[in-house]
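The structure appears below as structure tokens.
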Amino acid sequence: MHIKLNNINFSYKDGDNRKEIFKNFSYEIETGKLVMILGPSGCGKSTLLNIIGGLLQPENGEVILGNTSYYSLKQKERDKFRKYNIGYIFQNFYLIEDLSPIDNVLISMPDKRSISEKEKYIKSILEELGIAEKADSPLNTFSGGEQQRLAIARALSRDAKLLICDEPTGSLDEINAIQIIEILKKISQQGKTVIVVTHNASLCEYADEVLELTKEVREKEGEHATDH
Ligand code: ADP
Ligand code: MG
């Protein structure tokens, strides 16, 4: 999915004032790219992800996802758009411990296929992500890296065209972090747009583009990506 942000302004309430996070910010991401967003804690990485991911409406400016000016949609249409187009991956996985791995994925699949068809599809994704052998094991036997793979499977099962990843390797060791990034890279090469927020600058070698959210970048107009 192609993404375009045009002249975004975003601020949070800060006492009697407003804290400006983005001012006249524009940015564009082509389909099939892996983009990494870097910057110190509090610089606005999650805010930007949530704006792109359709969860946080900017005060003005436009967010174009594919051919859709997302925040021009009515709330109900936005919800539908998100459900079918965007997958979310977080540092803390947000899996449901009491459900089986397959059911964790199954409950987030919105389409009308039969359960057995869906299960078959889920198993093929688990296979691709290298956790097929864990399909019938309880979640409390999953390592951090395996849990994150399952969370990725959940995002993929919805056939999302955009993956929004907020510190997906934040609670993993270096080896698992690299494995997860390699999976996300492969997913982007299959034609999905993948946006990853990270603290870990060493992972940026996997990125097609790196967006470093300095104050200057957040408060100016134009292109800020550095090619890799
Ligand atoms: P990052 O993900 O880079 O750590 P965030 O996007 O979460 O940063 O936050 C950017 C800034 O906005 C921080 O200074 C944070 O304290 C502030 N902030 C985040 N969410 C809110 C909120 N709901 N209300 C007020 N301020 C917020
Ligand atoms: Mg954050």
Side-chain angles (χ1 to χ4, degrees), residues 3-29 33-65 70-71 75 78-79 82 86-95 144-145 147-148 151-152 154-155 160 162-174 176-178 180-181 183-184 188 193-204 206-226 228:
I3 290 155
K4 204 156 186 256
L5 305 187
N6 287 329
N7 294 311
I8 297 297
N9 284 264
F10 189 91
S11 60
Y12 287 111
K13 198 165 179 300
D14 184 15
D16 290 336
N17 300 314
R18 297 203 71 88
K19 181 174 182 179
E20 297 238 40
I21 312 285
F22 293 100
K23 211 159 138 185
N24 251 349
F25 177 79
S26 296
Y27 192 63
E28 188 166 0
I29 302 172
K33 295 283 184 206
L34 174 60
V35 175
M36 293 212 187
I37 301 174
L38 267 187
S41 187
C43 75
K45 301 182 298 297
S46 294
T47 301
L48 180 59
L49 265 193
N50 290 336
I51 291 171
I52 297 172
L55 301 168
L56 208 52
Q57 180 166 15
E59 280 132 44
N60 44 47
E62 204 176 18
V63 175
I64 302 172
L65 304 178
Y70 176 81
Y71 291 101
Q75 190 60 51
R78 285 184 205 172
D79 294 344
R82 274 204 318 278
I86 308 178
Y88 303 89
I89 294 159
F90 301 98
Q91 176 171 350
N92 299 326
F93 322 128
Y94 292 117
L95 298 165
Q147 288 183 66
Q148 193 59 296
I152 293 172
R154 181 180 56 195
L162 167 63
L163 289 193
I164 296 282
C165 315
D166 201 347
E167 313 251 11
T169 64
S171 54
L172 304 179
D173 61 36
E174 189 72 13
N176 277 290
I178 288 169
I180 291 297
I181 292 297
I183 287 171
L184 293 174
S188 72
T193 304
V194 181
I195 309 177
V196 178
V197 158
T198 180
H199 265 105
N200 188 346
S202 72
L203 296 175
C204 285
Y206 292 93
D208 295 306
E209 268 176 42
V210 177
L211 173 63
E212 204 170 343
L213 278 189
T214 60
K215 187 174 169 63
E216 214 182 24
V217 165
R218 288 187 284 116
E219 300 191 352
K220 255 199 225 154
E221 214 172 326
E223 289 282 327
H224 307 289
T226 44
H228 271 233

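Whatever order the structure lists ligands and atoms in, that order sets their numbers, starting from 1.
Side chain of Tyr70 to backbone of Val63: no donor-acceptor contact under 3.5 angstrom is found. Of the possible donor and acceptor atoms, one in the side chain of Gln148 sits under 3.5 Å from a partner among the backbone N and O of Pro168. A donor-acceptor pair under 3.5 Å is absent between the side-chain atoms of Ser188 and the main chain of Lys33, judged by distance alone. Looking at Arg78, its side chain never comes within 3.5 Å of a backbone N or O of Gly54 through a donor-acceptor pair. Arg154 contributes a side-chain N or O that, together with a main-chain N or O of Phe93, makes up a donor-acceptor pair within less than 3.5 Å.
Taking CG from Leu48 and CD1 from Ile164, the interatomic distance works out to 8.5 Å, rounded to the nearest 0.5 Å. Ile21 contributes atom CD1, which lies 11.0 Å from atom NZ of Lys45 (distance to the nearest 0.5 angstrom).
Among protein heavy atoms, atom 7 (O) of ligand 1 sits closest to Ser46 CB, 3.8 Å. If you check which protein heavy atom lies closest to atom 6 (O) of ligand 1, you get Thr47 OG1, 2.5 Å. The nearest heavy-atom contact from the protein to atom 10 (C) of ligand 1 is Gly42 O, 3.3 Å. Scanning the protein for heavy atoms near atom 23 (N) of ligand 1, the closest one is Tyr12 CE2, 3.7 Å.
In terms of heavy-atom proximity, Ala160 sits nearest to Ile86 at CB-C, 3.6 Å.
Contact annotation: Gly44 has at least one heavy atom less than 4.0 Å from an atom of ligand 1.
With sequence neighbours excluded, the residues satisfying ring pair (Phe, Tyr, Trp, His ring centres under 6.0 Å) with Phe90 are Tyr94.
No N or O atom of Lys13 sits closer than 3.5 Å to an N or O atom of ligand 1.
Excluding waters, the protein N/O/S atoms found under 2.8 Å from the Mg ion (ligand 2) are Ser46 OG.
If you look at Ile21 next to ligand 1, the close heavy atoms, those under 4.0 Å, all belong to the side chain.
Classification of the Phe25-Tyr27 ring pair by plane angle, with boundaries at 30° and 60°, yields parallel.
In summary, the atoms of ligand 1 found under 4.0 Å from a heavy atom of Lys19, numbered by their order in the structure, are 13 (C), 14 (O).
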